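Read through the structure below, which is laid out as structure tokens, and then see the notes.
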2 protein chains.
Amino acid sequence: MARPKSEDKRNAILDAATRVFAERGLTAAPTSEISKQARVADGTLFTYFKTKDDLINALYREIKLELADAMMSGFPRKKSVRTRLRHVWDAYVNWGVTHPKQRNVLAQLQVSGMLSKESIEAGSAPFVEMQNTIRDAIEQHILRVDLPIEMISKMLGALAEASMDLIVLKPAMAKKYRDGGFEIYWAGIARK
Amino acid sequence: MARPKSEDKRNAILDAATRVFAERGLTAAPTSEISKQARVADGTLFTYFKTKDDLINALYREIKLELADAMMSGFPRKKSVRTRLRHVWDAYVNWGVTHPKQRNVLAQLQVSGMLSKESIEAGSAPFVEMQNTIRDAIEQHILRVDLPIEMISKMLGALAEASMDLIVLKPAMAKKYRDGGFEIYWAGIARK
DNA sequence: CGTAGATATCTGATTACTCACTCATTTATA
DNA sequence: TATAAATGAGTGAGTAATCAGATATCTACG
């Protein structure tokens with residue numbers, strides 16, 4: 001290899017893409033604006049990502065990985081189910097509130113229909129540990145027996161996202177929303 | 001007025017827009033494709049909606065109104081809080097499942113940043129009765145006192161949307177998801 | 001009832017513009 | 001010195017919106 005690709009440039013492009021996508025929307029954002037903000041020439045973007053679609057898929061994987069890192073670092077494997085879920089909840093909500101652009105882009109990506117099967121698969125891979133926690137919980141009869149496993153994780157995501165929306169709207173109430181959200185979740189899924 | 005605009009044509013355009021937006025995405029959808037599917041000339045679209053942006057905002061209001069109709073028709077004003085919320089839940093979930101394109105477009109619109117303040121206001125106006133129900137419930141101490149009112153409605157929306165996603169994924173489990181979703185919601189917000 | 005005129009809609013070719021991507025040339029690194 | 005990356009003007013494919021001419025519908029009047 002005569003001249004290697006630069007990891008820095010790749011990251012600069014992904015960073016710029018996050019900003020521009022968040023600001024202008026996935027399809028309305030011109031690649032020229034992304035290369036400009038990344039301080040590379042228009043053509044350079046295409047040596048790192050063959051097409052805009054490629055860039056979008058790569059960005060999705062990148063952000064998902066970041067999120068998984070944030071959620072799974074310090075995961076209390078040995079603690080109670082409630083504690084483990086609470087950890088996931090807090091890490092998720094805190095990440096979302098502190099990374100609004102990434103969260104926004106992720107939301108756009110998930111409804112865009114531009115993600116390949118492979119990207120979607122790759123994106124959900126880092127979250128297996130959470131799935132295991134929930135399986136555990138069901139086997140231990142801590143949760144209502146009549147709830148399918150996929151509901152438990154889906155509802156956590158839904159309520160956490162809703163809590164983030166509220167926190168962004170009224171940051172002063174952050175603690176109340178974060179705690180209250182988890183209370184609703186836990187009371188909703190746990191056995192009496 | 002020499003020649004009146006036709007309500008039929010307007011509706012045909014809005015209908016076509018729903019289909020095309022759902023299929024191709026808000027910004028990727030060409031107005032020419034919309035006029036084609038509506039069986040009017042390219043120019044005609046612009047006598048009914050000055051700009052594409054106008055069309056988008058009008059469509060948002062239209063769909064929101066439909067949804068409000070579906071949710072509030074047959075609303076059991078005199079029944080218990082639980083029954084009233086259950087009515088709203090079922091109507092919402094059923095509408096979403098039977099109107100997947102409208103639901104998809106609505107989701108796109110809400111994160112698009114293309115909606116005017118007026119449209120957003122107009123869109124939420126028809127849902128006041130639901131807000132009143134929740135206010136009632138809080139005053140009657142049926143719900144946990146520590147939950148802010150905006151959380152109650154936000155979480156209903158979030159859990160209902162999540163339930164719809166699951167139903168679309170596995171239609172055979174529709175009843176289980178719809179009932180289970182509401183159970184989680186009610187157990188989450190109600191006093192013990 | 002029928003006709004004329006006024007006015008607005010309808011049409012689709014055209015316009016002005018934007019964008020993803022290419023490519024010939026220059027530059028940096030193994 | 002060989003090779004790949006970097007550059008940015010250029011290309012072709014689209015796109016929202018316009019506009020001049022054709023057409024439909026309304027009102028007024030005989």
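Just so we're clear, the structure is a prediction, and the values are computed from it rather than from any experiment. Every chain is numbered from 1, with letters handed out A, B, ... down the list of sequences.
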Check the phosphate of [N] against [X], side-chain N and O only, distance under 4.0 Å to OP1 or OP2. Yes or no?
X	N	value
B:Thr47	C:dC10	yes
A:Tyr48	D:dA6	yes
B:Lys9	C:dC10	yes
A:Thr44	D:dT7	yes

Handout entry: No-H, no-angle donor-acceptor pair, B:Arg3 side chain to C:dA8 base, under 3.5 Å
Key = no
Practice task
Starting at CD of B:Glu183, measure out to CH2 of B:Trp89 and round the result to the nearest 0.5 Å.
Solution key: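 Separation between the atoms: 10.0 Å.
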Rounded to the nearest Å, what distance is computed from the [atom1] atom of residue [X] to the [atom2] atom of nucleotide [N]?
X	N	atom1	atom2	result
B:Ile56	D:dA16	CD1	C1'	12 Å
B:Lys36	C:dG12	NZ	P	13 Å
A:Lys52	C:dC19	NZ	P	9 Å
B:Leu45	C:dG12	CG	P	14 Å
B:Lys50	C:dA8	NZ	P	15 Å
A:Lys5	C:dT29	NZ	C1'	15 Å
A:Asp42	D:dA5	CG	P	18 Å
A:Arg39	D:dT7	CZ	P	12 Å

Practice task
Look at A:Arg103 together with A:Glu161 and state whether they make a salt bridge at an N to O cut-off of under 4.0 Å.
Solution key: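 Counted as a salt bridge, because a side-chain N and a carboxylate O are separated by less than 4.0 Å.
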Just compare [options] and give me whichever is closest to any side-chain atom of [X].
X	options	answer
B:Ala2	C:dG12, C:dA20, C:dT7	C:dT7
B:Phe46	C:dG12, C:dA20, D:dA16	D:dA16
A:Pro4	C:dT29, D:dT25, D:dG8	C:dT29

Practice task
Answer with yes or no whether the side chains of A:Ser119 and A:Arg61 bring together a donor and an acceptor at under 3.5 Å.
Solution key: yes
Exercise for the section: Answer with yes or no whether the hydrophobic clustering places A:Val88 together with A:Leu65; edges join I, L, V, M, F, W, Y residues whose side-chain heavy atoms lie under 4.5 Å apart. Expected result: no
Completion exercise
Heavy-atom nearest nucleotide on DNA chain C taken for A:Gly43 and for A:Arg24; more 5' hit belongs to A:Arg24
Practice task
Would you classify A:Thr51 as touching base, sugar-phosphate or nothing, given that sugar-phosphate means primed atoms plus P, OP1 and OP2, and contacts are heavy atoms under 4.0 Å?
Solution key: sugar-phosphate
Problem - Within-4.5 Å side-chain heavy-atom neighbours: B:Asp90 and B:Phe182 - result: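 They are not in side-chain contact.
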